[in-house]
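First up is the structure itself, then whatever we jot down about it.
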2 protein chains.
Amino acid sequence: MEDQKQKLELVKKPTVNDIARVAGVSLATVDRVLNRRPGVRAVTVQKVQKAIDELGYVRDTAAANLARNRVYNFVFILPDAGNEFVEAICDQIAEQSRDQFIERTRVTIKKVAPFEPQDIVNILDGVDHLSVDGVAVFGPETPSVRDAVKRVRDKGIPVVALVSDLPSSDRDHFVGIDNVSAGRTAAQLMGRFVHRPGKVLVLTGSRLARDHLERRQGFDLVVAEEFPHLEVVASVEGRDDPDLIYKMMPGIFETYPDLVGIYSSAAGNAGLVQFLSESRISKDLVIIAHELTPLSRDALRRGTFDALISQDSGHLVRSAVRLLRATSDKVPFNKSQERIRIDIYLKENLPP
Amino acid sequence: MEDQKQKLELVKKPTVNDIARVAGVSLATVDRVLNRRPGVRAVTVQKVQKAIDELGYVRDTAAANLARNRVYNFVFILPDAGNEFVEAICDQIAEQSRDQFIERTRVTIKKVAPFEPQDIVNILDGVDHLSVDGVAVFGPETPSVRDAVKRVRDKGIPVVALVSDLPSSDRDHFVGIDNVSAGRTAAQLMGRFVHRPGKVLVLTGSRLARDHLERRQGFDLVVAEEFPHLEVVASVEGRDDPDLIYKMMPGIFETYPDLVGIYSSAAGNAGLVQFLSESRISKDLVIIAHELTPLSRDALRRGTFDALISQDSGHLVRSAVRLLRATSDKVPFNKSQERIRIDIYLKENLPP
DNA sequence: TTGAAAGCGATACCAC
DNA sequence: GTGGTATCGCTTTCAA
């Protein structure tokens, strides 16, 4: 008896038909119980539930989606910053759309002015729970955004925060790296790579962006703890804007002639790279930046940048989609598969 | 007309029924053409193929697997080395088996004596093409293994090489990191982390293991090119054996009293860690090892190791399974998703 | 409150 | 050579 059951579990998984047979009810009733639909007597629910538990039933999502002809419609809200990282995410969405089409999911991208919470709020308030099955938001954690996310979730629509967390909004999941750890990692590399004492500059984006703040925080902690030969000077806010950064650089080097390292913790690296290529700054200057893009990749290969902290844009998109699907279907997900790693790139381990 | 087609493609993908209707044949015939089965006139094939192309048909694998009640049976051949990395792979297979069960795939692990090609050959020759749909091999690239892999593939069974490549065997795919680049990466870190001139030791596993050879090769190249203050001394072969490594260490430090760094490029780190904890070796010694495991993680956190080069075991297993499924079904796969990254871990970016 | 039956997209067996 | 049809696991009317 026990043996047979064991074997059955191993060889073939139970189906709705098995449950119906064991519980002595019809398929329709099993389905009602499985999907928590009303119109079933408590006693019957018990009977069916018992059969489900005994058999160790697990729903075949593929078959279910086939039957209901389900299509997942997801909306990704991204900053229209024109920077390479956001572009990489868009490219990934496009690139994966074919695979995801096959997996019955469609992704719509909505771009909003960067650092403009109101635009995000408008889009969030506009999502219709009849046509949208989930939303991914890459944006600043302001009170208005937080409340708008809550309203979306109250409509029963899953929301994930992308790249920059929105913990206070009660979003379903965060898809991105731990930015405090990312900052710590940058600091450890900086401390190890810089051999002489001196000042280190942190180039940040905006104080509205939670990810930027967290990176700075992690960076400061590790430098203070472990590298007394370095001194972190006041952050410079580049607003992810290459032109602005380019214009600010000369002044910075005047103020701190003894700069030994720069941690570019946000976007807008183009401005930094251009300035460095034009000026005759010591090659000893250690530069650590964020995100692997064509520009940063090139800078790393030429030795302008010494290391990159990154997160895989393909993984970000896949993970967001999988989490939205799982949340929408109320099924569990594989936690370790969804953890986004803090990638470190040197010129030696760049992907081809 | 054009518009309508566009719209149809966007909203709903064509099915076998659509093909049958457009081509004016039955479902059965469409299926014969789709699966290249014989017994269809050339003219009919043309007609059907035309409809397929026009409609831009893409098979719904989920529905297909449901209909044929397909179950993928894969065999993973792993060295019974008892080391943590192999254990991590086994754990991942076990951990993912639930998910993969749902996705209709079963994985069987076969452990073989490490560095014993004949055991691998025996298992490979024993796989039955009726019950096995794919094989993943983690083993040395010897002529006998190579030929056995070829025989398996001649039976029509897909084979992927895991961790250590078997290029000469014509395996379908390699799932693992580029080991030359991994060695280069280790060298770059070593060169940056070691500040004083001195000798560097490479601890390797076996000259039979292609991955170990490649790492050494990459390491040597970068040290020679970029770090003249370092000298790499002759490799020491630890055969992935902690006890052996532990016993060899004192002799090594006698021979090279001015050692400034160790690159542990293979397994058996336990022996190294134990020796270091017992002896009073300078904390200045930079140690870079491979694979994130409980032991190496701990050593990194305590500062015994300075950095780790790693590959994600969860990703390895998922990737191997996906590639075997795709090869078996003759469907394309997402190349960038299957690329295994060369992970660098410092104590700051360890996963929780 | 429950059940019978059609159907999702694809496959496979059995006729003709 | 070709077509009809049952089937896979699940959902969803429509009746009872």
Side-chain angles (χ1 to χ4, degrees), chain A residues 8-9 11-49 51-52 55-72 101-105 328-331, chain B residues 8-9 11-49 51-52 55-72 101-105 328-331:
Chain A
L8 265 173
E9 276 183 17
V11 169
K12 192 128 183 29
K13 53 181 184 182
T15 73
V16 275
N17 290 289
D18 298 323
I19 301 176
R21 195 168 24 71
V22 171
V25 297
S26 76
L27 276 183
T29 300
V30 172
D31 186 68
R32 286 181 190 109
V33 175
L34 277 175
N35 295 297
R36 303 188 185 347
R37 270 190 278 267
V40 188
R41 272 185 312 167
V43 224
T44 317
V45 175
Q46 300 290 313
K47 261 197 313 193
V48 175
Q49 194 57 53
I52 292 175
L55 295 172
Y57 172 82
V58 181
R59 175 201 261 97
D60 182 332
T61 316
N65 286 341
L66 174 60
R68 60 165 62 147
N69 227 325
R70 196 188 197 325
V71 172
Y72 301 87
F101 190 88
I102 295 172
E103 291 164 52
R104 331 177 86 86
T105 111
S328 177
D329 290 345
K330 303 190 205 321
V331 299
Chain B
L8 265 175
E9 276 183 17
V11 171
K12 191 122 184 32
K13 52 183 186 183
T15 73
V16 275
N17 289 290
D18 299 322
I19 301 177
R21 193 168 26 70
V22 171
V25 297
S26 77
L27 274 184
T29 299
V30 173
D31 185 66
R32 287 183 188 106
V33 175
L34 277 174
N35 294 296
R36 306 190 185 338
R37 269 189 276 269
V40 187
R41 273 183 312 167
V43 223
T44 316
V45 175
Q46 300 291 315
K47 259 196 315 192
V48 175
Q49 194 57 55
I52 292 175
L55 294 172
Y57 171 82
V58 181
R59 177 200 261 95
D60 181 333
T61 318
N65 285 341
L66 174 61
R68 62 162 66 148
N69 226 327
R70 195 186 197 324
V71 171
Y72 301 87
F101 189 88
I102 294 172
E103 291 164 54
R104 332 177 86 87
T105 111
S328 177
D329 290 344
K330 302 190 206 321
V331 297

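Naming convention: chains lettered A, B, ... in sequence-line order (proteins, then strands); numbering from 1 in each chain.
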- line: Outer limits of DNA chain D sitting under 4.0 Å from a non-hydrogen atom of chain A, read 5' to 3', are dG9(D) to dT12(D)

- prompt: Are OP1 or OP2 of dG3(C) and a side-chain N or O of T29(A) less than 4.0 angstrom apart?
  reply: yes

query: So which heavy atom on A62(B) is nearest to which on A62(A), and how close?
result: CB-CB, 3.9 Å

message: Show the nearest heavy-atom pair for residues L55(B) and P14(B), with the distance to one decimal.
response: O-CG, 3.3 Å

query: Side chains of V58(A) and F101(B): closer than 4.5 Å at any heavy-atom pair?
result: no

- request: Not counting sequence neighbours, which residues clear salt bridge (charged side-chain N to carboxylate O under 4.0 Å, His left out) with R68(A)? List them please.
  value: none

task: For N35(B) and D31(B), indicate whether the former's side chain and the latter's backbone hold a donor-acceptor pair under 3.5 Å.
output: yes

- prompt: Taking protein heavy atoms under 4.0 Å as touching, what does nucleotides 10-16 of chain C look like 5' to 3' if B marks base contact, S marks sugar-phosphate-only contact and - marks none?
  reply: BBB----

Angle of first-five versus last-five pair axes in the helix from dT1(C)-dA16(D) to dC16(C)-dG1(D), to 10 degrees: 50°

- request: Please assess I52(A) against L34(A) for the test side-chain contact (heavy atoms from CB on, under 4.5 Å), listing each intermediate value before the final yes or no.
  value: CA-CA 9 Å; I52(A) 292 175; L34(A) 277 175; 3.8 Å; yes

field: Minimum heavy-atom distance P38(A)-R32(A), with the two atoms named
entry: O-CD, 4.3 Å

task: Go through the structure and list residues passing salt bridge (charged side-chain N to carboxylate O under 4.0 Å, His left out) with R59(A), not counting sequence neighbours.
output: none

task: For R21(A), check salt bridge (charged side-chain N to carboxylate O under 4.0 Å, His left out) against everything at least two apart and list the hits.
output: D18(A)

message: Do T15(B) and D60(B) have side chains that approach each other closer than 4.5 Å (heavy atoms only, starting at C-beta)?
response: no

message: Under 4.0 Å, heavy atoms only, any strand: does V25(B) hit a base, just the sugar-phosphate, or nothing?
response: sugar-phosphate

